[in-house]
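Read through the structure below, which is laid out as structure tokens, and then see the notes.
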Number of protein chains: 2
Amino acid sequence: MKRPPTAADVAALAGVSRSAVSRTFTDGASVSGETRAKVMEAADKLGYRVNHLARSLNSAQPSKLVALVVSDMDHSFRAVTVDLLARGLVADGYRPFLLPWSEGDSTKTVIDMMLNYNVSGAIVTSDTPPAEIADECARYGVPLVLVNKAPVGERTARVMQDTDLAGRLAAQELHDIGCKRILYAGQRRNSFTIGARRDAFLDEVETLGMELVGMAYGTAQNHAGGIEAAEDFLSQGLEVDGAHCANDFFALGFIDGLRRAGHSVPDLMALVGCDDINEAAWPAYDLTTLRQDPQALTRACLDALAERIAAPETTGRLIRIGVTPVRRGSTRRT
Amino acid sequence: MKRPPTAADVAALAGVSRSAVSRTFTDGASVSGETRAKVMEAADKLGYRVNHLARSLNSAQPSKLVALVVSDMDHSFRAVTVDLLARGLVADGYRPFLLPWSEGDSTKTVIDMMLNYNVSGAIVTSDTPPAEIADECARYGVPLVLVNKAPVGERTARVMQDTDLAGRLAAQELHDIGCKRILYAGQRRNSFTIGARRDAFLDEVETLGMELVGMAYGTAQNHAGGIEAAEDFLSQGLEVDGAHCANDFFALGFIDGLRRAGHSVPDLMALVGCDDINEAAWPAYDLTTLRQDPQALTRACLDALAERIAAPETTGRLIRIGVTPVRRGSTRRT
DNA sequence: ATGAAAGCGCTAACAG
DNA sequence: CTGTTAGCGCTTTCAT
């Protein structure tokens, strides 16, 4: 196993200078067609590739590395988002660096990695927001995009769901089919996006003249949490005809929890989730929900990142991603 | 926004040489406690971090970058695996580079990225195997680990499910509850792991004296494919009492497809999936399946990678990951 | 244990 | 358009 060929090797074989080689592989540099051809041939023969690590050492050229800080990858909506983000970054010429982070992890590791490899930017998408990460990024001037997270600092861009719209749409969907007595089900611990959506929902419920009959809680905003919330709801002996759940996973668990007790949706109550994960469309659930387009989310992140990188000193924008109702069986009039 | 501090800045502030700074941050270098203290203080004050890009330029130190080539991230089992792999790599001191690849993409992009950043290794986990990637890696001496893929070249390590065991266990689960007339349902197009599992299953069905009554097909090995297979099955008018599906997602779709036609599992037939994705345990499905431990898979990958990196010239191992049956409602005697 | 000096592979500013 | 020269930030001999 020999070490990879360098520009010098190529230059020697092609009978030109190192610079000629460098220029051949630099966009918009001036090389004659003849030299270029000679270089390309030699490069091809040797299997030469530009070493981007060395290239980015020249402070002019930025590193092209972008950190993708992610938690809760088991959440399929998150997985889809990460996949799209990675593809988008690659398409834009960046190299995504996957930095998993979960509650309890030291933020130091993540920060060190970003700084050690002087990334040209970072996208942070995790529910439980380690504010320190954002703080450090700001401190070291790393362009930062936060997804569905509370604002941190002046110069970070944020991309988030239009939670106000989503909350109100959820209420309207229920109102449209004649619901009057409403339940909200979610996780007990407050979460930024979900909390904002809940507040908008509750507000709109009142505005539309429906009655908020109660709340039901689960531990986490996942399937298990939904089951807990169903049990919580049933134990309260409330009478409701419509409900909104924190997100789709939670809603599916809620349905399963009700089902386990012999009830069914929409017979017992109409139900609206949020996100439109793949599973929501499965016949076993057929859940009405609010679609948040992962493509749009991704696009917004990439645009915001590009903007941050281009003008790191400016104040970061907040981009809101719209949602559209997807009507399915869980809100079908019976 | 000033450029990040360099070792020279730290050296100047601490009143020592650059080398002293370098040594302070190099494991196992000889520095006096006093110098180290001075350096650390200065570094801290300046917010200095070693630039790993520059470090790895010194060919002695390898780059620590590892490519994670992934397709089908929407598949939640894959997402979990990727998450674990990324965490494992980080824990082992590597930096995972996320390279999404999907059918139809040019392999050149992926290969270029790996080579441009001279990664110290790569883990490829995607169903549809771009053999070229493996070939190029071999050509350039990049240590490679393939997950659930056909062998490519002598020097690549492979980690895969013990498909023979899995196929036989699936058959045994059905046999144990008294099934006699068996159906296999999967995607039409052959896939490496799934095909091997199917063959073992069919073989064991025969060995155990059960009868293979028929096959049902769907386009892809996902939920939609399962629904198609259910329709395919129903249209054939077969009578069966037990079935095995290509994987869990497919099995859930199969259940939904049957359900849509008014049938239910296990009343119509007992059903065994494979993987044990989270959704398999949801009450709406309660699917008996074969658990493939993502932790074990991850561990094996990391070990294999370490081995590859340490001894790139040796012949790659094949590590088989065992499976364990998880019995749930879909194979409950009725 | 420490500093000086060389060099990793590359690009860019400079002459020609 | 081309070659020469000087660095990017770091580690590593080599003397001391």
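Below, chain A is the first sequence line, B the second, and so on; all start at residue 1.
Whole-Å rounding puts the Tyr48(A) OH to dG9(C) C1' distance at 7 Å. Summarising the geometry, the separation between NZ on Lys64(B) and C1' on dT11(D) is reported as 16 Å, rounded to the nearest angstrom. The CG-P distance, from Asn51(B) to dC8(C), rounds to 18 Å in whole Å. Atom-to-atom, CG of Asp9(A) to P of dC10(C) comes out at 9 Å; the value is rounded to the nearest Å. Nucleotide dG9(D) holds its P atom 16 Å from the CZ atom of Phe25(B), rounded to whole Å. Here the P atom of nucleotide dA12(C) and the CZ atom of Arg55(A) are 8 Å apart, to the nearest Å. dT11(C) atom C1' lies 20 Å from atom CZ of Arg49(A), rounded to whole Å. Put simply, CG on Asn118(B) is 9 Å from P on dG9(C), counting in whole angstrom units.
In this structure, Lys64(A) satisfies the cation-pi test against Tyr94(A), with its NZ or CZ atom closer than 6.0 Å to the six-membered ring centre and inside 45 degrees of the ring normal.
When the C1' atoms of four end pairs are superposed on the next four at each end of the helix from dA1(C)-dT16(D) to dG16(C)-dC1(D), using five pairs per end, the two resulting axes differ in direction by 40°, to 10°.
Salt-bridge formation is not detected for the pair Asp293(A)/Arg299(A): no Lys NZ or Arg NE/NH1/NH2 atom is positioned less than 4.0 Å from an Asp or Glu carboxylate oxygen. Classification of Arg95(B) and Asp112(A) as a salt-bridged pair fails, no side-chain N sitting under 4.0 Å from a carboxylate O. Salt-bridge formation is not detected for the pair Glu41(B)/Arg36(B): no Lys NZ or Arg NE/NH1/NH2 atom is positioned less than 4.0 Å from an Asp or Glu carboxylate oxygen.
Within the nucleic acid shown, Thr35(B) comes within 4.0 Å of sugar-phosphate atoms alone, with no base atom in reach, counting heavy atoms only. When heavy atoms are screened at a 4.0 angstrom cut-off, Val21(A) is found touching no nucleic acid atom at all.
Other residues, nucleotides and ligands place no more than 12 heavy atoms under 6.0 Å from the CZ atom of Arg18(B). More than 12 heavy atoms of other residues, nucleotides or ligands sit less than 6.0 Å from atom CZ of Arg55(A).
Each of Pro5(B) and Ala20(A) was matched to the nucleotide of DNA chain D holding its nearest heavy atom; the match closer to the 5' end belongs to Ala20(A). Mapping Asn58(A) and Leu57(B) onto DNA chain C by nearest heavy atom places Leu57(B) closer to the 5' end of the strand.
Using a 4.5 Å cut-off on side-chain heavy atoms (C-beta onward), Asn148(A) and Gln292(A) make contact.
Close to dA1(C), at under 4.0 Å from its OP1 or OP2, lies no side-chain N or O of Ser32(B). For dC10(D), neither phosphate oxygen OP1 nor OP2 lies less than 4.0 angstrom from any side-chain nitrogen or oxygen of Tyr117(A). A sub-4.0 Å separation between OP1 or OP2 of dG9(D) and a side-chain N or O of Thr6(B) is absent.
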Atom pairs, protein N/O to nucleotides 13-16 of chain C N/O, distance under 3.5 Å:
none

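Each of Leu302(A), Leu305(A), Thr125(A) was compared with Val145(A) under the side-chain contact (heavy atoms from CB on, under 4.5 Å) criterion, and only Leu305(A) meets it.
The closest donor-acceptor contact from the side chain of Thr26(A) to the backbone of Ala29(A) lies at 3.5 Å or more, if one exists at all.
Closest to the side chain of Thr26(B), out of dT12(D), dT2(D), dA1(C), is dT12(D). The side chain of Val16(B) lies closest to dG3(C), out of dG3(C), dT2(D), dC10(C).
With rounding to the nearest 0.5 Å, the separation of OG1 in Thr6(B) from CZ in Arg49(B) is 15.0 Å.
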